[in-house]
Asker: 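Dropping the structure in here first, questions after.
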4 protein chains.
Amino acid sequence: MNFRSDNEVGAHPLIIDAVSRAFRAGPVHSYGADEWTQKVEQRLRDIFERPDLVAYPVTVGTAANVLALACCTPPWGSIYCHPVAHIAAEETNATEFYTGGRLVRIDGPSGKIDPRKLADALAQPVYGVVHFSQPSAVSVTQATEHGTVYAPEEIAALATSAHRHGLKMHMDGARFANALSFIGCTPAELTWKAGIDVLSLGATKNGAMAAEVVVFFNAGPAKEFEFRRKRGGHLLSKMRLLSSQLDAYFTDGLWLANARHANTMARRLVAGLTTLKGTSLLYAVDANEIFVVLPAHMHDALQEAGAQYHPWPSDRPGERAFRLVTAFDTRQEDVDKFLSIAKAA
Amino acid sequence: MNFRSDNEVGAHPLIIDAVSRAFRAGPVHSYGADEWTQKVEQRLRDIFERPDLVAYPVTVGTAANVLALACCTPPWGSIYCHPVAHIAAEETNATEFYTGGRLVRIDGPSGKIDPRKLADALAQPVYGVVHFSQPSAVSVTQATEHGTVYAPEEIAALATSAHRHGLKMHMDGARFANALSFIGCTPAELTWKAGIDVLSLGATKNGAMAAEVVVFFNAGPAKEFEFRRKRGGHLLSKMRLLSSQLDAYFTDGLWLANARHANTMARRLVAGLTTLKGTSLLYAVDANEIFVVLPAHMHDALQEAGAQYHPWPSDRPGERAFRLVTAFDTRQEDVDKFLSIAKAA
Amino acid sequence: MNFRSDNEVGAHPLIIDAVSRAFRAGPVHSYGADEWTQKVEQRLRDIFERPDLVAYPVTVGTAANVLALACCTPPWGSIYCHPVAHIAAEETNATEFYTGGRLVRIDGPSGKIDPRKLADALAQPVYGVVHFSQPSAVSVTQATEHGTVYAPEEIAALATSAHRHGLKMHMDGARFANALSFIGCTPAELTWKAGIDVLSLGATKNGAMAAEVVVFFNAGPAKEFEFRRKRGGHLLSKMRLLSSQLDAYFTDGLWLANARHANTMARRLVAGLTTLKGTSLLYAVDANEIFVVLPAHMHDALQEAGAQYHPWPSDRPGERAFRLVTAFDTRQEDVDKFLSIAKAA
Amino acid sequence: MNFRSDNEVGAHPLIIDAVSRAFRAGPVHSYGADEWTQKVEQRLRDIFERPDLVAYPVTVGTAANVLALACCTPPWGSIYCHPVAHIAAEETNATEFYTGGRLVRIDGPSGKIDPRKLADALAQPVYGVVHFSQPSAVSVTQATEHGTVYAPEEIAALATSAHRHGLKMHMDGARFANALSFIGCTPAELTWKAGIDVLSLGATKNGAMAAEVVVFFNAGPAKEFEFRRKRGGHLLSKMRLLSSQLDAYFTDGLWLANARHANTMARRLVAGLTTLKGTSLLYAVDANEIFVVLPAHMHDALQEAGAQYHPWPSDRPGERAFRLVTAFDTRQEDVDKFLSIAKAA
């Protein structure tokens, strides 16, 4: 009954097998000039219905975010994001390091940027004025850090503000597949059709070992990416390590199946929990993260039974909240066992 | 007959199997709080006879080098290295990006820093003078970019100069195992006993998928490493990807066996080639890289037969030089076939 | 009737004369090894009752702030300040550029950091955790960007929180003299006795041409300053330009007399304005800045008469606010003329 | 008899008077929106015969160089310069800090870049290859750090190489007036007509208090300058401090007269010294710096008589070399006294 995090689980067997095969395949060209890397880009072009997109694999989500943003933000630029966004609340100054930019936090309920507040912030008369950071990029997290999902029209509302003022739209898609599975639209509709310019698309939390891919829908800012990735120490010589994972990930809908399973398990958990007295959700459970208040006796019984999950700060005094995360390999029997213990308590 | 590079080959089966097993093992703590990561550190403490060393896995050699150097160099410091060192000749400003430091290139034959020139450079009266970059670190590459290997006493000579002036000694050990195999001393003798403070120890070029480990023999500068690694986007959540590789790499001497094989194949190639008329070596072949002048007809015959290797700049006009690299999986039959074609030509 | 800004006025005659004399004095040692620079440091030691303080002149306030903060904040650190602080709201990423640090904005009324909110923010369990920026410095602006002044005990309350967690306290004292004049305590009481570790002490807005001085009450972080100042391009060869200004500024209380005059003129302006119908203050007028709502007809009349001042954003719809700034050379007759026009309107 | 440095002397009376007048002039717009700043740009357009040039004053030469180069060099770029260039040999990593770029040192006699070596270096096949810093700018120092001066055709030879590969040409003109005075051509001929794209034009060493101006002959890279200057903390609010100096400097040929005088004094010194036995010049004396070997007894006699100048490293053992610098205010009687003491010894 491990619900600690989707980055603590192993990898999907198809991905493990793909990596094994790739590394038994003998010599191939290094630094991404291999067939897997080309195939990944092609798959993404098909999936996103954009024959002109450019895609670059990297190992870590932090790198995917900040390298993407560095291509959108000059050193005198500013990046608008929600206060709980990873790039602002965690990642230890990686954003500032890679971009030189300044973070501006725009609040909003459920981990989503309030479109009105963003519009107001971007309407400030700072453009071209040398004393002020120049608004350069908006970064949205999909699914958000609160487990909610932006609808395409919510993204479009932010993108309209952003593009009106010449900013680029970045999406931190560490859990993009979970978001997509929830919304049920096409990948194109959730990204470039809604105004996203560049997407950090995660696989690590959804069944890969360690693989993310930065997808540029506009080639313009992509030009610099290759130099920035090398300079950041993020260009693998044996790129097949990342590309073989991503190739398997995007083959036959594995990425969607993994996300669907994680979401389904989360929904099953929520359905069971919310019927129990004393529980309450902090946020809507759109994707695979559940933020829930549990009564003390229920939490104690679950802990005793070996259930694992993290505490989460609650605003209301006397109340204890927790985060439960499901993953591609969460077993239904674990969910049901968890619920029966909770129910018994 | 692929002698293009040791970063174009696959991975050793024992390493592939270790990764597969690790990712089938279910949930473990993320970000390095797993058993493999701990085991790797313990193995390194045994191998280097230093129970106090601290070790951090990273994915890419560039990152291993520049993160290590950033812990040794303030933003007003300078780093001394050979002009052909990767950190100065390649890696696209990663050194400057991570350290803020200035590169000072000290020449010397065979890719090795001339100890006299280093001593002279470090004797300049710049210490504490605000107009000058403050000498902060020396970086040696072992084996060098010219395929040669520093003897422990050669390193000690550089380290004595460096330490006299308060600089730290860094070793770029992308091919450390090949160097060690050539020298035949203990890992301790080739590093901290010779004055090395921090080692970037490579596995990628010697049979791993993508794994390097930064080894601090003095814990002092290591304190910052964890923050710097995170800030650089180099902290993997599923650290087992790197640690399982490294664990297998250092088990039962696999790293040494791989290097020994690569070196033996290089030596076999050299022994055969140097008897042939018109060939000549640019540098001594200590490790697994061969820099050799080939007569035009021999090169043509080899190309025709499908042999693969890179051209290399030669100083003498009219002469064409090439780089041949052997690896952990170079087949003796390929070496012999190469030699017989060369001989026939 | 120019109330646009205290950085648009000229310089005090005593400062102009001091610069003229200094540059007619023939050759002196460069880069600060001159008598004026030494005298400035000695004067500051007397003024602040700290014989061990260290002081460094720089030309621009932005540089004074960010160089000071860079000595307090590692590249993985965070800096806490009010959202309207110059280092966060203006200065175009200079803070991030020099420190590598992340800005965290802590709100509070009247441009002052709310001590409770700061304490809460610093109580977060992020210390030593590699995923989070490490809290490193608090920066307070004195007088604030809203023209208010922190009392020593207000500073002490913030400093207690900061020091409990190992952060350094920085004061942006661009208008320090105005604040001091308002409070009426000693310079020591308003700084190190209240817990300030490093002060950016401004002269430019208070009668100098362009001169600020960074004062370290603890020598520890000062060690790096000289290298950082040089690396930032802020070390003047003919340092006498800055030091002669500062020497005059701190001689015979000129700095206090200038500030007292500016504050008095502001108070006179406020006293006259607030009796007029339709006016209201946005913030208390502690120092030399007035943020005031003016009725439309009054504003029009003043503009017609040639009065100069900047608009200021007002939160209440339909209301127009303005900023008026007095300076060391504001003439009482201009104040009175301004008031009589306003009154007439 | 002070020949230590042209940055240790005072300022020209006309410049002192201009600053005094400017600061007695009452309120003017800040941050460069004043009449002096506009006049300086206009004067430079006239002087350089380029009605489209853009000019930005800054306080310090280091800042002038690195801000200019930052507009020419992306963070993955490299900057080619002579090993003794200030940006490479001094300035404590300011170049790396502002540009993110990598320094590549190209040697050559007399402090000048060897055009053949530059051409060879720029012919390396690194363009577009992600592993290598991308050649982005060449910086020449005029007059050089060895007191020599590039002829226009020498600059053009370097610029041809640079421009062929798309690099920008930067000139560190800390002693540009001295160089111009020596060559006797027009300012245009020594800069943009010879291929210079951006010039850091110094006044500080030639009679100003502290003032440099960055001159862009191509507006393209200038676009960023204003944001970079602000972000570096180099934008003065009371810009008249710099502009009034520069306005006086460029009025009625003061800058040329000052340089001519310094050069004449240097030539007088050289003419006298080189007739004396045991003396020899290290480099040709084109501008106002003399690098000379003095016999021990002559040096002792001069020191005894109070002559001041710095030692300079000599390559030949047993020989002691010195640097003598003349300035705008060097008195002929001091030169003659120096020579008579040297002669007597």
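Chain identifiers are assigned alphabetically (A, B, ...) following the order of the sequence lines, protein sequences preceding nucleic acid strands; residue numbering begins at 1 within each chain.
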Asker: What part of D/Phe97 gets within 4.5 angstrom of chain B, counting heavy atoms only: side chain, backbone, both, or neither?
Answerer: neither

Asker: Among B/Val104, B/Val126, B/Thr62, B/Ile87, which residue forms the greatest number of heavy-atom pairs with chain D at distances under 4.5 Å?
Answerer: B/Ile87

Asker: Where on B/Val129 is there a heavy atom nearer than 4.5 Å to chain D: the side chain, the backbone, both, or neither?
Answerer: neither

Asker: As a test of understanding, state which of B/Glu90, B/His86, B/Glu91 forms a side-chain contact (heavy atoms from CB on, under 4.5 Å) with D/His131.
Answerer: B/Glu90

Asker: Between the side chain of D/Ser133 and the main-chain N/O of B/Thr92, is any donor-acceptor distance below 3.5 Å?
Answerer: no

Asker: Against chain B, label D/Thr95 side chain, backbone, both or neither, depending on which of its atoms sit under 4.5 Å from a heavy atom there.
Answerer: both

Asker: Please confirm whether the backbone N or O of D/Ser78 pairs with a side-chain atom of B/Asn93, one donor and one acceptor, at under 3.5 Å?
Answerer: no

Asker: Under the 3.5 angstrom rule, does the side chain of D/Arg102 hit a backbone N or O of B/Ala88 as a donor-acceptor pair?
Answerer: yes

